[in-house]
Q: 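Quick one: this structure, given as structure tokens, is what I'll be asking you about.
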Amino acid sequence: MEFVLIDMFSLAMDKMKDLRLEETVIRSELFDVDGVPLAEPIARIWDQVWKFKARPDDVLIATYAKAGTTWTQEIVDMIQQNGDTEKCKRETTYKRHPFLEWYCAEPPSARYSGLELAEAMPSPRTMKTHLPVQLLPPSFLEQNCKIIYVARNAKDNLVSYYHFHRMNKGLPDPGTWEEFVQKFMTGKVPWGSWYDHVKGWWKAKHKHRILYLFYEDMKENPKREIQKIAKFLEKDLSEEVLNKIVHNTSFEVMKENPMANYTKDFEGIMDHSISPFMRKGIVADWKNHFTVAQNKKFDEDYEKKMSDTSLVFRMEL
Ligand code: A3P
């Protein structure tokens with residue numbers, strides 16, 4: 001697979017050499033990989049990502065960024081560890097579940113290779129990806145791996161992504177709120193179009209072993225959705241363990257859990273004082289962000305982009 005250079009990365013790299021450590025984190029630009037914008041380091045190692053060899057007992061958690069990935073990861077780990085909170089604290093989310101395509105060489109404190117981590121991990125592995133289904137390494141479907149996909153309504157997903165761009169220097173500068181809304185609507189953001197992402201995976205679920213979940217359903221009734229995940233993973237949970245998982249994967253508890261709230265990873269890259277990773281964790285925060293005019297424009301565009309799918313989202317509960 002080819003990727004096309006669409007920025008001045010090498011120029012930026014030259015400039016970087018003159019800067020002091022705290023200034024060396026230069027926001028990544030986006031490169032086009034088969035029509036999908038990906039962060040430059042990922043595009044650079046794309047051939048290796050594409051050739052990744054999944055194993056039949058791998059579990060993959062796939063999402064558009066900011067749809068509730070970390071939450072789902074914690075739920076899955078707690079199910080796999082039968083509710084043992086100490087075992088779930090063995091490492092941070094980021095290291096417990098390799099982030100398949102993520103690659104970061106600089107700064108050294110934030111070095112990460114999802115591929116290396118995954119390859120070194122004994123089976124059974126659980127991994128995470130934000131790739132749209134057409135860029136998923138083919139071995140996952142060939143091996144019939146279990147895949148859990150979580151989707152979140154476009155407006156809340158956009159709001160969360162905007163704040164995440166502000167605090168995460170591993171992503172491009174979001175620009176103003178108005179500019180970011182435009183970028184999101186046109187798919188000029190990392191991992192591309194939200195619309196294509198949710199629709200692509202929705203279509204794939206009819207043919208493959210994919211459990212398709214919604215953030216809004218998880219908020220409405222976490223116990224019910226956790227049970228769905230447990231069933232998909234073929235795990236029997238006692239009522240006591242189930243209740244323990246509901247409690248420990250609540251927003252409030254996860255926000256205080258350093259092994260799940262990203263305060264121990266991405267050092268020098270994520271600045272939680274700008275916006276914490278565990279920000280609000282609610283449905284319909286978009287109402288605090290969209291102007292009436294932005295909302296109207298967004299809705300009109302949404303209707304067109306989503307007219308060819310049976311997929312329905314709840315924008316509020
Ligand atoms: P907000 O920015 O709207 O608060 P991801 O893990 O895919 O990056 O998604 C992050 C979003 O999920 C953030 O949304 C975060 O607060 C929310 N989130 C994380 N854990 C959660 C939980 N236990 N319950 C509800 N939302 C959670």
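In each ligand, atom 1 is the first atom listed, and ligand 1 is the first ligand listed. Any value given below was found using the heavy atoms of this structure, including those in side chains, with hydrogens, waters and symmetry copies removed.
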Q: Which residue supplies the protein heavy atom nearest to atom 23 (N) of ligand 1, what is that atom called, and how far is it?
A: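 Looking at atom 23 (N) of ligand 1, the protein heavy atom closest to it is T249 O, 2.8 Å.
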
Q: Is there a side-chain contact between N153 and F214 in this structure, where contact means two heavy atoms from C-beta onward sitting under 4.5 Å apart?
A: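 In short, these two side chains do not touch, never coming nearer than 4.5 Å.
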
Q: Counting non-hydrogen protein atoms only, what is the nearest one to atom 7 (O) of ligand 1? Give residue, atom name and distance.
A: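 Answer for atom 7 (O) of ligand 1: T69 OG1, 2.4 Å.
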
Q: List the closest protein heavy-atom neighbour of atom 6 (O) of ligand 1: residue, atom name, distance to the nearest 0.1 Å.
A: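 Scanning the protein heavy atoms, the shortest distance from atom 6 (O) of ligand 1 goes to T70 OG1, 2.5 Å.
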
Q: Among R152, M278, K280, which one puts a heavy atom closest to atom 14 (O) of ligand 1?
A: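 That would be R152.
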
Q: Atom 1 (P) of ligand 1: which protein heavy atom is closest, and how many Å away?
A: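 Answer for atom 1 (P) of ligand 1: S160 OG, 3.4 Å.
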
Q: Quick one: does NZ or CZ of K66 land under 6.0 Å from the six-membered ring centre of F277, within 45 degrees of the ring axis?
A: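 Pair K66/F277 counts as cation-pi.
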
Q: In terms of residue, atom name and distance, what is the protein heavy atom nearest to atom 15 (C) of ligand 1?
A: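 The protein heavy atom lying closest is F277 O, 3.9 Å.
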
Q: Does any part of the side chain of W202, heavy atoms only, come nearer than 4.5 Å to the side chain of S310, both counted from C-beta?
A: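 The answer is yes; the side chains approach within 4.5 Å.
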
Q: What protein heavy atom sits nearest atom 26 (N) of ligand 1, and how far off is it?
A: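 Protein heavy atom at minimum distance: Y215 OH, 2.8 Å.
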
Q: Donor-acceptor pair, distance only, cut-off 3.5 Å: does the side chain of Y64 make one with the backbone of W191?
A: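 Flag not set: sc Y64 to bb W191 has no pair under 3.5 Å.
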
Q: Distance to 0.1 Å, residue and atom name: give those for the protein heavy atom nearest to atom 8 (O) of ligand 1.
A: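 Here the nearest protein heavy atom works out to K66 NZ, 2.9 Å.
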
Q: Examine the side chains of Y149 and H197 and answer whether a donor and an acceptor come within less than 3.5 Å of each other.
A: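 A donor-acceptor contact under 3.5 Å links the two side chains.
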
Q: Any idea which part of F164 is under 4.0 Å from ligand 1, heavy-atom wise: side chain, backbone, both or neither?
A: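 Neither; no heavy atom under 4.0 Å.
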
Q: For D236, does the CG atom have more than 12 heavy-atom neighbours from other residues, nucleotides or ligands under 6.0 Å away?
A: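 Incorrect, the count does not exceed 12.
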
Q: Mind checking whether G68 has an N or O less than 3.5 Å away from an N or O of ligand 1?
A: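 So ligand 1 has an N or O lying under 3.5 Å from an N or O of G68.
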
